[in-house]
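Below is one structure, written out as C-alpha cells; the observations come after it.
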2 protein chains.
Amino acid sequence: MCEQCNYKELLKSVHLEPTEKRLRVLEVIGNNTFPLSASDIHDTLDRNQSINRVTVYRILDLLVDKKIVDRISTGGRAAYYGLGPNEHHQAHPHFYCKSCGQMDCLNPGAMAVEMSNFKKTFPGRIDKLELRLDGICKNCLKKTIN
Amino acid sequence: MCEQCNYKELLKSVHLEPTEKRLRVLEVIGNNTFPLSASDIHDTLDRNQSINRVTVYRILDLLVDKKIVDRISTGGRAAYYGLGPNEHHQAHPHFYCKSCGQMDCLNPGAMAVEMSNFKKTFPGRIDKLELRLDGICKNCLKKTIN
DNA sequence: TACTCAATGCAACTGTATTGCATTTATCAA
DNA sequence: TTGATAAATGCAATACAGTTGCATTGAGTA
Ligand SMILES: [Mn+2]
Ligand SMILES: [Mn+2]
Ligand SMILES: [Zn+2]
Ligand SMILES: [Zn+2]
C-alpha cells in the first residue's frame, strides 16, 4: 500500500504514458498490502471496466521493466506482483503459503542479509535479490492438519 | 555434486523403491554442480535409455516431497532441481542468469541470513527459505551488451 | 481534418506441468 | 511357480501461465 505515491507522476517519471489502464493496474498493485498474481489483477480490474488479460500482462511487463513494479516468484507457478522498492518502500522478503497461495510482505528488517563481501568478488552482474519463505500461513494451519 | 551419497540408500531411507529410473534421475541431479530443469534432466536421461517426461516429473515430485531434492524457483518459468540440504550439503543461495538460464550454486556462507528473531514471532509454519540472486552471468556479460 | 503511432483487443500459440487411464513390472501370498 | 495385487511407467489429453502476430481503436499532431 502506498499513500505517498502519485501513480500518474510515477508513470510519467519513467516515460510511460499514464493511460487509464496502466493507472488502474498500478493502483490495484499499489492499493494492496500484499503482492497479487496477474490473474488476480485482471479479475479485479475486469469487474469494473473490461480489460483484456493480454493487456494486463503487457502493462505488467512494462512496469517491471521500468522497475516500478516487482515481479516476485513463488513456490507455485504464477509470478506475483508488488510495488518495487523506491524511496518510500524498502525491498523486503516475502512469505508464500503453499496451501492458500497467499503471499505476505515481511518487514524489511525481519531478516538481515549480509552480502557485501560476496558482491566484491562476484564476477557477474547482480540485478536483484529475492528472499522468500515458503510454508503454511497461520490461517491455513488452523483450518487443516498438514 | 555428491560423492558421499549412496543414492540407492538415500531412496530406501525415505521408503521409495530404488527403481532404475528413480536412480537415474537422482544421479543426474547429484552428478551436476548446478541445478537443472525438468527438461534438462529428461533430455540427459533420454539420450541413454528412453524415459517418458511425465515419469521424470512424477519422480521429481516424489523426490521433492521426500526432501531428497530441492525445487528451486527461477526468475523464469521452469523450476530447477538440485540435491536438497542434508548432512553433506548445506542449504545455499543461487544465482540465476536471466540471459542464458544457467543457475549457479553459491557458497553456503556467501550470504548470511539472520532470522532467528523473526522466527520466534512468526505465527505460520516455515518449511523453506529461498535466497536467489538474479542478473547476468560472467560469460553472458562478455558476449553481449545488456 | 487526415495522418501517424501508441495502446489495446482478440485468437492462436508456446512452454511447463498435470491428469486420467492403459500397460508393464514388481511384490507377495498361496 | 503361479496368480493376484499393487506399484511404476507410458501415452494422450488437458490445464495453466504467459507470449506472439496481427487487427482495431484511440490520442496526439500537422
Ligand atoms: Mn512485498
Ligand atoms: Mn544448489
Ligand atoms: Zn495459507
Ligand atoms: Zn548467462
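The chains referred to below are lettered A, B, ... by the order of the sequence lines, with proteins before strands, and numbering in each begins at 1.
Rounded to a whole Å, the NE2 atom of B:His15 is 13 Å from the P atom of D:dA8. Across the protein-nucleic acid pair, B:Gln49 atom CD and D:dA8 atom C1' stand 14 Å apart, rounded to whole Å. Going from atom NE2 of A:His42 over to atom P of D:dG18 covers 13 Å, rounded to whole Å. To the nearest angstrom, P of D:dA8 lies 13 Å from CG of B:Asp65.
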- Audit row: A:Asp65, A:Lys67, salt bridge (Lys or Arg N to Asp or Glu O under 4.0 Å) steps and yes/no: CA-CA 5 Å; A:Asp65 258 21; A:Lys67 303 192 191 303; over 6 Å; no
- Query: What do the steps show when you test B:Lys21 against B:Val25 for side-chain contact (heavy atoms from CB on, under 4.5 Å), and what is the final call?
  - Reply: CA-CA 6 Å; B:Lys21 317 245 171 196; B:Val25 169; 5.5 Å; no
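Remark: the A:Ser73 side chain and the A:Arg132 side chain contain an N/O donor-acceptor pair separated by less than 3.5 Å.
Across A:Leu10, A:Ile59, A:Leu63, a single residue satisfies side-chain contact (heavy atoms from CB on, under 4.5 Å) together with A:Leu16, and that is A:Leu63.
With ring centers used as reference points, B:Tyr80 lies 6.0 Å or more from B:Phe34.
Partners of B:Gln90 under the side-chain contact (heavy atoms from CB on, under 4.5 Å) rule, at least two apart in sequence or in another chain, are B:Pro108.
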- Message: Within the 4.0 Å limit for protein heavy atoms, which parts of nucleotides 3-16 of chain C are touched? Write it as a string from 5' to 3', B for base, S for sugar-phosphate only, - for none.
- Response: ----SBBBBB-BBB
